[in-house]
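All remarks here apply to the structure that follows.
For ligands, and for the atoms within them, numbers begin at 1 and follow the listed sequence.
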Amino acid sequence: MNIVILAAGMGKRMNSDLPKVLHALAGKPMLGHVLDTARVLSPSRIVVVYGHGGEQVPTLLASADVAWAKQDPQLGTGHAVIQAVGLLDESVPTLVLYGDVPLTAPATLAGLMRAAGQDKLGLLTVDLPDPSGYGRIVRGLPGSGDASSSSVQPAKLAGRGPILRIVEHKDADEAIRRIGEVNTGILVAPTVALKRWLAALSNDNAQKEYYLTDIVAMAVAEGMPVVGAQPAAVHETLGVNSKSQLAELERIFQRQFAQTLLDAGVGLADPSRLDVRGKLIVGRDCFIDVNCVFEGEVVLGDRVRIGANCVLKDARIETGTDILPMCHIDQAVVGKGSRIGPYSRLRPGTVLGEENHVGNFVEMKNTRTASHSKANHLAYVGDAVIGARVNIGAGTITCNYDGVNKHQTVIEDDAFIGSDTQLVAPVTVGKGATLGAGTTLTRDAPAGELTISRAKQVTVPGWKRPIKITPK
Ligand code: UD1
Ligand code: CA
């Protein structure tokens, strides 16, 4: 099949400068979700009709398998499809999707394709308790339809008459407005017939637009069967016209994702308090506490536990590691059996070895450690290479930046860094060296020795505290 995705509309009610289809759902533009769904169906061609927001849309979502057709000005859904027809393969049907309807399941579209086959017009319709605003599906009397088309309709539609036409809400009278079955906008048509119908569209209607929906009456007039199919869930057909509808679909998406995690055996303290904005790959017997956010690609090994209120982005946490509450981990790797947090921040380029401990208010950036090293309290470790069994005392800081350049700190195996130490990089602490508390290290510390830089402690005999002077 061909797939045409309509994405030219402006989305006035989003109240935003960003084109509507670029607004993110689960961290990805809505149009990106629709493109992913389209790809699952292995179409021979994908054409996106864009317009509002100019080149931002094709620039952001450029891909070798997508062709772009510009619609400017935007004169309606029929006019939008006309912009794409030159790019379509006439030997296969054309499926029309909307760039602002992000949650349609591939299985629902496959069902619609099956119902329509190669030679029928197929419409995805849905029954809504409040159908206002939508195009209504007008059907004839039951039994008056084409027998071949009704036999492929899903059970839900059994007993309904044949589809005759679609009437837009703004063009509908009271009787038609009472119809609860609406057009989702998603349809499939034989491509040659589609081109013929589009060429015959007029804009003689309430909105002075070229309605794609007018092709339905044209198909009926030609005697082509029109079949309806319905989605497994109503939310699959919900479009986004406002931030509030976007937020609603976000919750639906997240709840479904949480369910797939639960089904795969992941423990979740509360499936309604988890946000995954990307890809989350989880091993066996993991547990995720409330209010965690996962972005980009995050991989959790077996038996990993993530405490409450953690944000992980493009990170890998290896087997058996505990991430305690309130951690922020971005482009970092944590080795097996480690304990991070509470309140740790691991920044890009941090790669920790096995059984490391990183505690509260410790920030690490572009730092590698070997196994069994610790920085348990209040430290900044940046651009460092740290060996095994190193202990970094509270308040330690790598002074990695001279105001212009970044420099490296090397701390070799078994070194002990006393509290409140400044390591002025570039500098190396040798194997097994000890730094006394309060040291400002500006030259390398030799292996195995105690190095200390500290003013000598003195006691001033008889010193008195100042007394308050009272003005006269
Ligand atoms: C359309 C349908 C209506 C259906 C509803 C479902 C028509 C005439 N009406 O109405 O039957 O119930 O969707 O939501 O088709 N678009 C363009 N170019 C345009 C106009 C629209 O690309 O010139 C795109 C929009 O970006 C959007 C989609 O087409 O993705 C639907 O447009 P919208 O204006 O929301 O259509 P409705 O009036 O809601
Ligand atoms: Ca709409």
Side-chain angles (χ1 to χ4, degrees), residues 3-14 16 18-23 25 29-31 33-35 37-38 47-54 56-58 68-85 95-104 121 123-128 130-138 163 165-172 176-177 179-187 189 194 197-198 201-218 228 230-231 234-242 245-246 249:
I3 294 184
V4 175
I5 302 174
L6 303 189
M10 89 151 147
K12 209 178 184 175
R13 283 193 281 147
M14 297 298 279
S16 165
L18 192 67
K20 176 160 77 171
V21 292
L22 294 185
H23 284 266
L25 182 118
M30 283 192 271
L31 180 55
H33 287 269
V34 181
L35 283 168
T37 303
V47 184
V48 178
V49 180
Y50 72 103
H52 186 78
Q56 281 183 78
V57 178
W68 300 87
K70 191 165 187 171
Q71 187 201 16
D72 189 15
Q74 289 102 45
L75 303 179
T77 49
H79 179 255
V81 179
I82 289 170
Q83 314 310 309
V85 284
L95 174 67
V96 177
L97 304 177
Y98 283 7
D100 58 0
V101 179
L103 297 186
T104 319
L121 177 59
L123 304 178
L124 191 68
T125 75
V126 70
D127 294 299
L128 295 181
D130 175 14
S132 70
Y134 287 89
R136 305 300 206 283
I137 305 293
V138 180
I163 294 171
R165 60 183 189 279
I166 295 174
V167 179
E168 290 306 300
H169 183 91
K170 287 184 179 147
D171 299 292
I176 286 178
R177 286 185 180 184
I179 297 173
E181 186 184 9
V182 306
N183 172 35
T184 64
I186 293 171
L187 59 81
L194 177 66
W197 301 327
L198 289 172
L201 287 182
S202 90
N203 66 348
D204 182 16
N205 53 51
Q207 303 184 80
K208 295 279 167 275
E209 281 184 6
Y210 295 89
Y211 291 166
L212 179 59
T213 45
D214 285 350
I215 69 171
V216 177
M218 294 180 188
Q230 295 208 305
V234 171
H235 71 249
E236 291 184 44
T237 65
L238 295 180
V240 171
N241 299 304
S242 63
Q245 288 169 340
L246 181 59
L249 291 195

Legend entry - Student check: side-chain heavy atoms of His52 and Asp72 closer than 4.5 Å: no
Legend entry - Residue Gly9 vicinity, atoms of ligand 1 by number, heavy atom under 4.0 Å: 17 (C), 22 (O), 25 (C), 26 (O)
Inset, instruction - Would you tell me whether Tyr211 and Asp171 have side-chain atoms, one donor and one acceptor, within less than 3.5 Å of each other? - result: yes
Legend entry - Proximal atoms of ligand 1 relative to Tyr211 (non-hydrogen, under 4.0 Å): 8 (C)
Legend entry - Selection from Tyr210, Tyr98, Tyr134 by shortest heavy-atom distance to atom 31 (C) of ligand 1: Tyr98
Inset, instruction - Return yes when Gly76 approaches ligand 1 closer than 4.0 angstrom through a heavy atom, no otherwise. - result: yes
Legend entry - Asp100: numbered ligand 1 atoms lying under 4.0 Å from its heavy atoms: 27 (C), 30 (O)
Inset, instruction - Pull out every atom of ligand 1 sitting under 4.0 Å from any heavy atom of Gly135, numbered as shown with elements. - result: 3 (C), 4 (C), 11 (O), 12 (O)
Legend entry - Sub-4.0 Å heavy-atom contact, Val182 with ligand 1: no
Legend entry - Candidate with minimal heavy-atom separation from atom 35 (O) of ligand 1, of Ile166, Val101, Asn241: Asn241
Legend entry - Proximity of Ala80 to ligand 1 by residue part, where a heavy atom lies under 4.0 Å: side chain
Legend entry - Minimum heavy-atom distance Ala8-Gln71, with the two atoms named: CB-OE1, 3.1 Å
Inset, instruction - Could you list the atoms of ligand 1 found under 4.0 angstrom from a heavy atom of Thr184? - result: 6 (C)
Legend entry - Flag side-chain contact, heavy atom, 4.5 Å: Val126 against Glu181: no
Inset, instruction - Mind listing the closest non-hydrogen atom pair of Leu6 and Ala80 along with its distance? - result: CD2-CB, 3.8 Å
Inset, instruction - Would you indicate whether the side-chain heavy atoms of Asn183 and Thr125 approach each other to under 4.5 Å? - result: no
Inset, instruction - Measure Glu168 to ligand 1 on non-hydrogen atoms and call it side chain, backbone, both or neither using the 4.0 Å cut-off. - result: side chain
Inset, instruction - State, with a plain yes or no, whether a side-chain heavy atom of Val182 is found less than 4.5 Å away from one of Ile137. - result: no
Legend entry - Part of Leu75 within contact of ligand 1 (heavy atoms, under 4.0 Å): backbone
Inset, instruction - Establish, from distance only, whether the side-chain atoms of Ser132 and His169 form a donor-acceptor pair under 3.5 Å. - result: no
Legend entry - Closest candidate by heavy atom, reference atom 17 (C) of ligand 1, pool Gln71, Gln74, Arg136, Met30: Gln71
Inset, instruction - Run the contact test for Thr213 against ligand 1 with a 4.0 Å cut-off on heavy atoms, strictly below, and give the result. - result: yes
Legend entry - Polar atom proximity, Leu6 to ligand 1 (N or O, under 3.5 Å): yes
Legend entry - Of the listed options Val4, Leu97, Val81, Thr77, closest to atom 15 (O) of ligand 1 (non-hydrogen atoms): Thr77
Legend entry - Minimal non-hydrogen separation, Ala38 against Ile5, with atom names: CB-CD1, 4.4 Å
Inset, instruction - Verify the neighbour count for atom NZ of Lys70: are there more than 12 heavy atoms of other residues, nucleotides or ligands below 6.0 Å? - result: yes
Legend entry - Any N or O of Ala8 closer than 3.5 Å to N or O of ligand 1: yes
Inset, instruction - Can you see which heavy atom on Trp197 is nearest to which on Ala189, and at what distance? - result: CZ3-CB, 4.2 Å
